[in-house]
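Residue numbers count from 1 along this sequence.
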Amino acid sequence: MNTENNYGRLFSQIRIEKNLSLTDLAEDGLSRSLIGRFEKGQTKISADRFFRLLSKIQVTPDEFLFRQKNGQLPDYFRRLAERMQDGDGDSKNLAENRQLEKEVARDYAADPSNLAAKYLGILLHFINQSSDDVNSGQDDPEKIHKTFAEFKQASHEILKYLFNVEIWGKFEVYLYTGFSTAFDAQTRMLLLKSALRSSDYFRNLSGQNDFADQDYKIILSVISSQIYDDLPTTKILLDTLKERLDLRPDIRFRAEYLFQLSLYEIAIGQEAKGQARAENVIRLWRLLEDEDEAATLSYFLQRFKKYLVKERQGIASELDRSIRLML
């Protein structure tokens with residue numbers, strides 16, 4: 001993918017605003033001459049070189065897109081964030097997801113340089129396809145596995161993108177949270193620092209209420225995958241989440257932390273302790289009259305325990321992995 005010519009004009013404007021010269025930005029593979037021609041619209045540069053230039057002027061890709069669109073990000077950016085936070089599988093939400101996927105596809109077709117549309121479109125397609133697979137009532141493991149395999153394949157490009165961006169904005173944080181399931185355990189942990197650093201930055205900005213608890217969501221998202229792949233780093237993540245919750249208490253996220261802790265205890269052989277803790281969390285949700293959450297956790301607890309039995313017997317397959325990650 002190459003950057004569009006009109007990106008160079010805006011890039012030049014921001015560089016001048018920051019009192020940076022072409023010499024300040026030049027490096028191997030990015031000469032003063034190449035950058036100058038890019039700014040004048042005389043040449044295009046590859047996406048990875050463009051990301052390197054943005055990092056040098058301390059601007060995130062989504063901030064650049066915001067400027068390029070005259071201060072207006074597409075509405076689907078906000079709506080996808082809402083969909084990711086609202087995991088209901090009812091028909092209304094599924095219909096909204098499908099409509100959102102169509103809008104994103106339309107925007108990307110109109111402007112192939114729109115990275116937000118491209119990558120969020122991939123994520124939406126996976127969300128919608130996996131919802132169709134799970135809610136079809138046919139319980140077709142092979143179909144679920146195929147959907148997840150396609151998602152993993154698509155995630156390779158997102159992974160390359162994230163590694164090329166040194167300073168993350170909200171867009172990159174949402175991408176990481178949405179795609180981390182498809183990354184391996186080491187990669188998740190490697191990129192986690194960037195995700196938390198950016199989420200902490202946005203949380204501390206005035207008026208950034210949408211990131212008030214994003215760090216909790218990021219860590220929980222990573223734990224939910226990491227607990228199957230690497231228990232030592234899962235413990236580190238649990239401790240990190242507890243430290244943050246001690247500083248900024250939240251009863252809902254505390255309950256989610258305790259449930260993930262119970263799964264970890266079961267995984268390391270403390271089954272009675274973990275089972276009791278999990279049942280207490282489920283009981284709490286029933287006391288709070290959230291029967292849906294209680295039922296979801298009960299179901300997930302049983303699926304997790306069944307997966308562990310197969311894993312300990314050495315008969316867990318890639319198909320089992322796909323299903324539990326999608327759950």
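- For the atom pair NZ of Lys152 and NE2 of His156, the computed distance is 6.5 Å after rounding to the nearest 0.5 Å.
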Trace of the side-chain hydrogen bond (donor to acceptor under 3.5 Å, both in side chains) decision for Gln214 with Arg203: CA-CA 8 Å; Gln214 187 66 31; Arg203 186 183 69 250; over 6 Å; no

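- With rounding to the nearest 0.5 Å, the separation of OG in Ser180 from CD1 in Ile158 is 12.5 Å.
- What you find for Ala267 and Leu308 is that their closest heavy atoms are CA-CD1, 3.8 Å.
- Closest approach of Ala255 and Leu284 over heavy atoms only: CB-CD2, 4.0 Å.
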Stepwise salt bridge (charged side-chain N to carboxylate O under 4.0 Å, His left out) test for Arg312 and Glu271: CA-CA 14 Å; Arg312 288 166 179 166; Glu271 296 187 18; 3.1 Å; yes

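- For the pair Lys118 and Glu157, the minimum side-chain heavy-atom distance is below 4.5 Å.
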Arg197 and Asp215: CA distance, side-chain angles, deciding distance, salt bridge (charged side-chain N to carboxylate O under 4.0 Å, His left out) verdict: CA-CA 9 Å; Arg197 183 167 57 244; Asp215 57 327; over 6 Å; no

Trace of the side-chain contact (heavy atoms from CB on, under 4.5 Å) decision for Ile57 with Phe11: CA-CA 9 Å; Ile57 63 173; Phe11 180 85; 3.4 Å; yes

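- Under the 6.0 Å cut-off for aromatic ring centres, Phe64 and Tyr7 qualify, their centroids lying closer than that.
- Scanning both residues, Ala26 and Ser31, for their nearest heavy atoms gives CB-C, 4.3 Å.
- A salt bridge between Glu293 and Arg252 is present, with a side-chain N of the basic residue lying under 4.0 Å from a carboxylate O of the acidic one.
- Proximity of a side-chain donor or acceptor of Glu291 to a complementary backbone N or O of Arg286 within less than 3.5 Å is not detected.
- The line from CZ of Arg49 to CG of Leu54 is 14.5 Å long, rounded to the nearest 0.5 Å.
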Trace of the side-chain contact (heavy atoms from CB on, under 4.5 Å) decision for His125 with Val104: CA-CA 10 Å; His125 178 73; Val104 171; over 6 Å; no

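- Here the closest non-hydrogen pair linking Asn19 and Asp24 is O-OD2, 4.3 Å.
- A 6.0 Å sphere centred on CD1 of Ile251 holds no more than 12 heavy atoms belonging to other residues, nucleotides or ligands.
- Leu30 places a side-chain heavy atom less than 4.5 Å from the side chain of Glu27.
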Derivation of the side-chain hydrogen bond (donor to acceptor under 3.5 Å, both in side chains) call for Glu172 and Tyr161: CA-CA 9 Å; Glu172 287 73 30; Tyr161 168 82; 2.4 Å; yes

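- Among all heavy-atom pairs drawn from Gln260 and Ile223, the shortest one is OE1-CG2, 3.5 Å.
- The shortest distance between side-chain heavy atoms of Val309 and Ile315 does not fall below 4.5 Å.
- Once rounded to the nearest 0.5 Å, the distance linking CD of Glu243 with CG of Leu238 reads 11.5 Å.
- A donor-acceptor pair under 3.5 Å is formed between the side chain of Arg248 and the backbone N or O of Ala212.
- Residues Leu34 and Glu39 have side chains not in contact (no heavy-atom distance under 4.5 Å, counting atoms from C-beta outward).
- For an aromatic pair to be called close, the ring centres must be under 6.0 Å apart, and Tyr201 with Phe211 fails this.
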Residues Arg303, Tyr299; criterion side-chain hydrogen bond (donor to acceptor under 3.5 Å, both in side chains); working and verdict: CA-CA 6 Å; Arg303 291 299 298 248; Tyr299 175 75; 3.0 Å; yes

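- No continuous path of ILVMFWY side-chain contacts below 4.5 Å connects Ile16 to Ile35, so the two sit in separate hydrophobic clusters.
- Note on Ile236 and Val222: separate hydrophobic clusters, where clusters join Ile, Leu, Val, Met, Phe, Trp and Tyr whose side-chain heavy atoms are under 4.5 Å apart, directly or indirectly.
- Figure legend: Arg277 and Tyr264 shown without cation-pi pairing, the cationic atom not lying both under 6.0 angstrom from the six-membered ring centre and within 45 degrees of its axis.
- By the neighbour-count criterion of 12 heavy atoms within 6.0 Å, atom CD of Glu17 is densely surrounded, having more than that number from other residues, nucleotides or ligands.
- Side-chain atoms of Leu241 and Phe253, non-hydrogen and from C-beta on, never get closer than 4.5 Å to each other.
- For the pair Leu297/Leu301, no side-chain contact is recorded, criterion being any heavy-atom separation below 4.5 Å from C-beta on.
- Open room surrounds NZ on Lys160; 12 or fewer heavy atoms of other groups in view lie less than 6.0 Å from it.
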Verdict with supporting geometry, Tyr257 and Tyr216, ring-ring contact (aromatic ring centres under 6.0 Å, His included): CA-CA 9 Å; Tyr257 155 75; Tyr216 297 155; over 10 Å; no

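- Between Tyr176 and Phe183, the ring planes lie tilted relative to each other; the angle falls in the 30° to 60° range.
- For Ser12 (side chain) and Gly8 (main-chain N/O), no donor-acceptor pair under 3.5 Å exists by modelled atom type.
- Rounded to the nearest 0.5 angstrom, Leu263 CG and Leu231 CG are separated by 11.0 Å.
- Between Lys56 and Leu20, every side-chain heavy-atom pair lies at or beyond the 4.5 Å cut-off.
- Of the possible donor and acceptor atoms, none in the side chain of Thr43 sits under 3.5 Å from a partner among the backbone N and O of Arg37.
- The line from CG of Leu261 to CD1 of Ile227 is 9.0 Å long, rounded to the nearest 0.5 Å.
- Side-chain contact between Leu191 and Leu159 is present, with at least one heavy-atom pair separated by less than 4.5 Å.
- The aromatic rings of Phe38 and Phe50 stand perpendicular to each other, their planes meeting at an angle above 60°, with 30° marking the opposite boundary.
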Worked verdict on Ile219 versus Leu196 for side-chain contact (heavy atoms from CB on, under 4.5 Å): CA-CA 8 Å; Ile219 298 173; Leu196 289 179; 3.9 Å; yes

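- Looking at every heavy atom in both residues, Ser199 comes nearest to Val173 through N-CG2, 4.4 Å.
- Within a 6.0 Å sphere centred on CD of Glu150, heavy atoms belonging to other residues, nucleotides or ligands number more than 12.
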Full working for side-chain contact (heavy atoms from CB on, under 4.5 Å) between Ile122 and Phe179: CA-CA 10 Å; Ile122 294 172; Phe179 280 92; 3.8 Å; yes

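- Using modelled atom types, one side-chain atom of Thr233 and one backbone atom of Asp230 make a donor-acceptor pair closer than 3.5 Å.
- When each of Asp200, Asp250, Asp239, Asp213 is checked for a side-chain hydrogen bond (donor to acceptor under 3.5 Å, both in side chains) with Arg244, only Asp200 meets the rule.
- The main-chain N or O of Leu22 is never found under 3.5 Å from a side-chain atom of Arg32 such that the two would form a donor-acceptor pair.
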